[in-house]
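The structure appears below as structure tokens.
Heavy atoms only: backbone and side chains are in, while hydrogens, waters and symmetry mates are out. Letters A, B, ... mirror the listed sequences (proteins, then strands); counts begin at 1.
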Number of protein chains: 2
Amino acid sequence: MTEPKAPPEPSAREQRRLQMADIARLAGVSVSTVSRALNGSELINAETRQRIAELARSLNYSINLGARNLRLQENKTVAVVVPYDRQSRQHISDPFFLSIVGSIADALTDRGYDMLLSRVDAEHLDLSAGWFDSGKAIGVVLIGQWRHHDQLNEMAARKLPLVVWGGEMPQQLYASVGGDNVLGGTLAARHLLQSGRRRIAFVGDARLPEVWLRRQGYAQALREAGLAVDPGLEVAAPFEPGLAAGVLERFCAARQDFDAVVCCSDVQALLTIQALRAAGRSVPGDVAVTGYDDMALAAYCDPPLTTVHQPVAEAGAELVEALLAQMRGERTGPRTLPVYLKLRASAPDGAR
Amino acid sequence: MTEPKAPPEPSAREQRRLQMADIARLAGVSVSTVSRALNGSELINAETRQRIAELARSLNYSINLGARNLRLQENKTVAVVVPYDRQSRQHISDPFFLSIVGSIADALTDRGYDMLLSRVDAEHLDLSAGWFDSGKAIGVVLIGQWRHHDQLNEMAARKLPLVVWGGEMPQQLYASVGGDNVLGGTLAARHLLQSGRRRIAFVGDARLPEVWLRRQGYAQALREAGLAVDPGLEVAAPFEPGLAAGVLERFCAARQDFDAVVCCSDVQALLTIQALRAAGRSVPGDVAVTGYDDMALAAYCDPPLTTVHQPVAEAGAELVEALLAQMRGERTGPRTLPVYLKLRASAPDGAR
DNA sequence: GTGAAAGCGCTAACAA
DNA sequence: TTGTTAGCGCTTTCAC
């Protein structure tokens, strides 16, 4: 009457997954007793509890979490979504994104949550709501706002538990956590100015909120120094290494009238250095270059990168905390974490 | 009588998650009809089906997958487990591991599976069986064998659906997918020999199966050239950048009697180059260095790395296929994918 | 073409 | 201290 599909055919290979009733039968008790024992209930005789626990362990039995969650109406899974650019079909290869994912994985593990990792087309960030709607996850952590601030606002309006790694934007309805992008841009540019550079290029796609904010910081530092932003020195390179390389090579081949570059990722910085050398210019001699992120390898590049350090280690915990707070019903606004400039050789201190 | 916890208190914030019964009521049909409609059953009147589908969409209703899976006795989730070294408390930061995770994510998505990502103590790889035992995942993909080949064999003996990224070992009971490590080691060493190097160091922790195999390839190339392996030129550096740096610096400071280095990751290669320069030696002038993995940045380092290219893009699909084949009851042995040497400047062609 | 009802594996209120 | 039983949200057989 209700038999699903064919008879529960144990498929020869997998000998029907064990369940509580089996343990109960083997232990000569009822399933409730097993359930209570395995959940450490005080009601159960300590000795019985022990015996059942051992039996379960010896058979590698583990409570079916799907059934348990259904009954308990709870779920300890969080979806982490990394957008990708459908156009370029590029995989996420930027070490920064992957580090953030690692950091979130740690934070979730610490708090007893599981992490569902998925990709989503950067043009349809709202698709990530499916994880929540289908009950697979209790909330969504999205890495980056990309170009769809609007979709994120709509998701938040739906009361979807959502936290975004990214910059704080005007009229933002969703919770976000991110480094202080304006400050990062300012720190990089100001450092270059203080070390005597005057013609400072900016590398990054300002359609992305984070980059847009960094550019503001950069522009502000120039203003402080009484300099104007030269639009000709803005290079809209994307984060994907494969795409950025060409753009940067062309730029460095075409123009030589700058003595410093502020980049929006360490990868971009490395590509810029590469392009500069190909164009016959030295780093930091002719051109000083700053990166962004302070990825693990930044210290070991040649030259080691002066870069804006992002709080990756803290990021995971902050994102997870923001999500949990939201689910507790707390109102969580955007959160901006401090960043600092890590001085290394690609943009050294002092005059040249 | 069976009310779980407190009354289903909609927690003020989240207005009780919608369910099929709600859609049914709103559409004036039974839940069976909604179920059939949403699953595209031919039984349902096309118009009714359409109407229900639209209603569901407009309310952002999505079938509760937990309940569905329980009833259907199916699950489309695969656990991907990345071991970490508890000793060093180091996060996985090697771009290679993270790229593999990305590749698997793509392969799973393509086949309609979800990916559960987690960490496990590298000393207790067998803990990852919990994902299967608890029914959260239908199988496990483990990144790397680390030092517990034995635990993996035990897991396989339990008929646990498991695939490991790693090298093919003697007496291996579990399914694995990996690059051809012996060949990789041979290609690197042979190339260095052909370009005139004679004193070739090896960097990598040979307690890890993959490294062990690469070292075999390296040793074989030396033998072919009539050279003996000098144990003093073997550096047991781990993959973690933070730990490897010190080891390599000490080695390069202590010994100068080598003219080439075979490394087991690109990160190690960069650290080696750094250490060599600190010791006053040039790359590739004094010492040629080969990397391993051919990560995205390898081409943009200075000097660009000559490195063994690993089939990362294919890796995800191969791992997933192996897992699915296993669940179909097919016997899947170890699988070795081709690798090739990518020539770049850190170990150039021809004599010096 | 649609509805009623059973049951997937589990938990907990209630009874004993 | 333990067992009986209802039901979490869904699918599907069977009846209409």
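No donor-acceptor contact under 3.5 Å links the side chain of A/Arg17 to the base of C/dG9. Not a single donor-acceptor contact under 3.5 angstrom links the side-chain atoms of B/Arg49 to the base of C/dG1. Judged by atom type and distance alone, B/Ser32 reaches the base of C/dA4 through a side-chain donor-acceptor pair under 3.5 Å. Within 3.5 Å, a donor on the side chain of B/Arg36 pairs with an acceptor on the base of D/dT13, or the reverse.
In this entry the distance linking NZ of A/Lys136 with P of D/dC10 reads 14 Å, nearest Å. Between A/Arg71 atom CZ and C/dC10 atom P the separation is 13 Å, expressed in whole Å. Atom pair B/Leu70:CG and C/dC10:P shows a separation of 9 Å (rounding to whole Å applied). Separating the CD atom of B/Glu47 from the C1' atom of C/dT2 is a distance of 14 Å, rounded to the nearest angstrom. Atom CZ in A/Arg68 sits roughly 17 Å away from atom C1' in C/dC8 (whole-Å rounding). Protein atom CZ of A/Arg51 is 12 Å distant from nucleotide atom C1' of D/dT2, rounded to whole Å. Atom C1' of nucleotide D/dT12 and atom CE of B/Met20 are separated by 12 Å, given to the nearest angstrom.
In the set C/dC10, C/dA4, C/dG1, C/dG1 carries the atom at the smallest distance from any side-chain atom of B/Asn45. Here the nucleotide nearest the side chain of B/Leu72, chosen from C/dC8, D/dT11, C/dA4, is D/dT11.
A distance of 8.5 Å separates CG of B/Leu160 from CD of B/Gln326, quoted to the nearest 0.5 Å.
Of the N and O atoms on the side chains of A/Tyr174 and A/Gln145, at least one donor lies less than 3.5 Å from an acceptor on the other residue. Counted by atom type alone, A/Trp131 and A/Ser118 present one or more donor-acceptor pairs between their side chains at under 3.5 Å. A side-chain donor from one of B/Glu123 and B/His148 sits under 3.5 Å from a side-chain acceptor of the other.
Using a 4.0 Å heavy-atom distance criterion, A/Thr33 is classed as a sugar-phosphate-only contact. At a threshold of 4.0 angstrom between heavy atoms, the contacts of B/Ile63 are confined to the sugar-phosphate backbone, with no base atom among them. Contacts of A/Leu43 with the nucleic acid, taken as non-hydrogen atoms under 4.0 Å apart, include base atoms.
Within the structure, every side-chain polar atom (N or O) of B/Gln73 is placed at least 4.0 Å from both OP1 and OP2 of C/dG7. Proximity of A/Thr48 to the phosphate of D/dT2: a side-chain N or O atom is located under 4.0 Å from OP1 or OP2. For B/Tyr61, a side-chain nitrogen or oxygen approaches OP1 or OP2 of D/dC10 to under 4.0 Å. Between D/dC8 and A/Asn69, no contact under 4.0 Å exists linking OP1 or OP2 to a side-chain N or O.
Residue A/Glu330 comes nearest to A/Arg328 through the heavy atom pair OE2-NE, 2.9 Å, listed as atom of the first residue, atom of the second, then distance.
Comparing B/Ala67 and B/Ile44 by the nucleotide of DNA chain C that holds the closest heavy atom to each, the one mapping nearer the 5' end is B/Ile44.
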